[in-house]
Amino acid sequence: MRYITLCISLFISTAGWANTDSKADINHVLDELHAQAAAANFDKYFAVYTPDAIFIGTDAEEVWSIHAFKAYAKPYFDQGKGWTYHPRNRHIYLSENQQIAWFDELLDNVNLGETRGTGVLVNENGQWKVAQYHLAIPIPNALADDIASQIKAHQR
């Protein structure tokens, strides 16, 4: 009986380590994503994404395949103009099989102020890659009705 208890305890603790290791790896990938964007390093920035990734921007029209997003970003990165977002308050969640992760993070940006990034990562051959990233501007509930009215008027 002690042997079974020991095996179960060992399994549970190693599963916890895998979860911790995965979250540390995912944090590193997301930090690298932001660092390479700020450095306008095109190749390293896009190496963090899967080949079929999707980037969703703040405008409702901005739902880009990775190829379209590369075409959009390349002229800016070529001029050394990336974008700088400072992450804070990040949450990472893992699927039961530890092969899919999703996250949300609050980010600070000089121009936009507080923003939110959410997304999905997949583990491809032992490496975490961003499959989807969504950048949004969170709107305080107290301002939501006014902002929604402005958006409706803009769309007319």
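Everything quoted here is computed from the prediction, not taken from an experiment. These numbers come from the heavy atoms of this one structure, side chains and all, not from hydrogens, waters or symmetry mates.
Ring geometry, W83 versus F69: the interplanar angle falls from 30° to 60°, so the pair is classed tilted. Taking the six-membered ring for Trp and thresholds of 30 and 60 degrees, Y72 and W64 have nearly parallel ring planes, at less than 30 degrees apart.
Few gaps surround CZ on R90; more than 12 heavy atoms of other groups in view lie less than 6.0 Å from it. Atom CG of D145 has 12 or fewer neighbouring heavy atoms from other residues, nucleotides or ligands inside a 6.0 Å radius. With a 6.0 Å radius and a threshold of 12 heavy atoms from other residues, nucleotides or ligands, Y93 has its OH atom above the threshold.
Nearest heavy-atom pair, A40 versus G82, reported as atom, atom and distance to 0.1 Å: CB-N, 3.6 Å. Of all heavy-atom pairs spanning L135 and F55, the tightest one is CB-CZ, 4.3 Å.
Remark: the backbone N or O of L94 is not paired with any side-chain donor or acceptor of K23 at under 3.5 angstrom.
For the atom pair F103 CZ and I26 CD1, the distance stands at 9.5 Å (nearest 0.5 Å). Separating the OG1 atom in T118 from the NE2 atom in H91 is a distance of 13.5 Å, to the nearest 0.5 Å. A distance of 8.0 Å separates OG of S22 from CD of Q99, quoted to the nearest 0.5 Å.
Under the side chain to side chain donor-acceptor pair (under 3.5 Å) criterion, the residue pairs touching residues 43-61 are Y45-Y49, T50-D52, with sequence neighbours excluded.
For the side-chain contact (heavy atoms from CB on, under 4.5 Å) criterion with Y85, the lone passing option out of L112, L33, V110, D108 is L112.
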